[in-house]
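Inspection log for the structure reproduced underneath, given as structure tokens.
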Amino acid sequence: SGCCLACCQSPADSTMEMIEKQINELKKLWGNKRQFLFQALNLAMIVFSALMIWKGLMFITKSESPVVVVLSGSMEPAFQRGDILFLNNQNDPIRVGE
């Protein structure tokens, strides 16, 4: 019964192999300056788009953290651990019966 090399390698060996492949890909990308610039601009557009969406949500919701994740069980049973909450600071006061 033959065994492939991938199943006989230790996790450290496969991790090092993966890192070496990534370094080789980066070297190839660095050699092609136009492709490298294109990839850098794409990454910058993604980061700035996310930042603009976050700032827009901050403005609309009047909250410094418009999206939060419940990290502990302290808010149960209303909210479970891992729930995503969208916060909105409105000017309407809370009335009796709400």
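All values derive from a computational prediction rather than experimental measurement. Residue numbers count from 1 along this sequence.
- Atom NZ of Lys21 has 12 or fewer neighbouring heavy atoms from other residues, nucleotides or ligands inside a 6.0 Å radius.
- Residues Phe38 and Phe36 fall into different hydrophobic clusters, defined by Ile, Leu, Val, Met, Phe, Trp and Tyr side chains chained together at heavy-atom separations under 4.5 Å.
- The number of heavy atoms from other shown groups lying within 6.0 Å of CD1 (Ile84) does not exceed 12.
- In this structure, Leu87 and Ser63 approach most closely via the heavy-atom pair CB-OG, 4.1 Å.
- For Met16, the CE atom counts as loosely surrounded, since its 6.0 Å shell holds 12 or fewer non-hydrogen atoms of other residues, nucleotides or ligands.
- One hydrophobic cluster, built from ILVMFWY side chains closer than 4.5 Å, holds both Val69 and Ile53.
- The minimum heavy-atom distance between Val67 and Trp54, with the atom names listed, is O-CH2, 3.6 Å.
- Minimum interatomic distance between Leu85 and Met75 (heavy atoms only, all atoms of both residues): CD1-CE, 4.4 Å.
- A distance-only check finds a donor-acceptor pair linking the side chain of Arg81 to the backbone of Leu71 [under 3.5 Å].
- A continuous path of hydrophobic side-chain contacts links Met58 to Phe86 [ILVMFWY only; heavy atoms under 4.5 Å].
- Nearest heavy-atom pair, Leu57 versus Thr61, reported as atom, atom and distance to 0.1 Å: O-OG1, 2.6 Å.
- No cation-pi contact links Lys28 to Trp30, judged by a cut-off of 6.0 Å to the six-membered ring centre and 45° from its axis.
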